[in-house]
Undergrad: 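Structure in structure tokens, see below.
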Amino acid sequence: MDADDTMGWESVELDGGPGHGLRVRVAGRPGVLQVTYPCAVEPQAENVSVHALFIYRRDTRRRTGGDQPVRYGFDAASP
């Protein structure tokens, strides 16, 4: 057991969508992860930032074991 396991942190992998293959560390196995990407804005939009939002949901159907990370699948239907 590594130090992160005792603190509740674990490695998860994103499956599908723009974050496909990314591995991140999460605590407490949240049901949903939110991934954002910055968007370019027109010069007249002073002091405004826009981010594209992508939702990933924990895949509870897929069993993990050994060194396999928990997987979060892209939810294309989410806003």
Side-chain angles (χ1 to χ4, degrees):
M1 179 180 305
D2 77 18
D4 283 343
D5 290 338
T6 62
M7 295 174 53
W9 289 91
E10 65 183 329
S11 180
V12 303
E13 186 171 325
L14 302 183
D15 188 21
H20 181 73
L22 287 176
R23 286 195 178 203
V24 298
R25 307 286 291 168
V26 299
R29 286 198 182 178
V32 176
L33 296 178
Q34 173 179 303
V35 174
T36 63
Y37 283 96
C39 298
V41 295
E42 298 295 322
Q44 71 271 19
E46 292 183 34
N47 301 317
V48 174
S49 64
V50 177
H51 293 262
L53 174 66
F54 302 96
I55 302 296
Y56 288 80
R57 296 187 185 280
R58 187 176 68 234
D59 186 349
T60 57
R61 297 169 296 154
R62 182 179 283 174
R63 297 208 182 259
T64 59
D67 61 349
Q68 293 292 321
V70 172
R71 297 182 76 88
Y72 281 74
F74 176 62
D75 184 347
S78 290

Undergrad: Closest approach of Glu13 and Pro69, non-hydrogen atoms and distance?
TA: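 What the structure gives for the nearest pair is OE1-CG, 3.6 Å.
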Undergrad: Output every pair passing ring-ring contact (aromatic ring centres under 6.0 Å, His included) with a member in residues 13-35, not counting sequence neighbours, ordered by first then second residue.
TA: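 Every candidate ring-ring contact (aromatic ring centres under 6.0 Å, His included) pair involving residues 13-35 fails, so no pair, neighbours aside, qualifies.
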Undergrad: Listed by chain and number, what are the side-chain contact (heavy atoms from CB on, under 4.5 Å) partners of Ala40, not counting sequence neighbours?
TA: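 Expected list: none.
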Undergrad: State plainly whether one hydrophobic cluster holds both Leu53 and Val32, where clusters connect Ile, Leu, Val, Met, Phe, Trp and Tyr through side-chain heavy atoms under 4.5 angstrom apart.
TA: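 Leu53 and Val32: one cluster.
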Undergrad: What is the minimum heavy-atom distance between Val26 and Leu33, and which atoms define it?
TA: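 Scanning both residues completely, I find the closest heavy atoms to be CG1-CD2, 3.9 Å.
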Undergrad: Tell me the side chain to side chain donor-acceptor pair (under 3.5 Å) pairs involving residues 31-57, sequence neighbours left out?
TA: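 Output for this query lists Arg57-Asp75, Arg57-Ser78.
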Undergrad: How many angstroms lie between CZ in Arg29 and OH in Tyr72, if you round to the nearest 0.5 Å?
TA: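 Spacing of CZ (Arg29) from OH (Tyr72) equals 7.5 Å.
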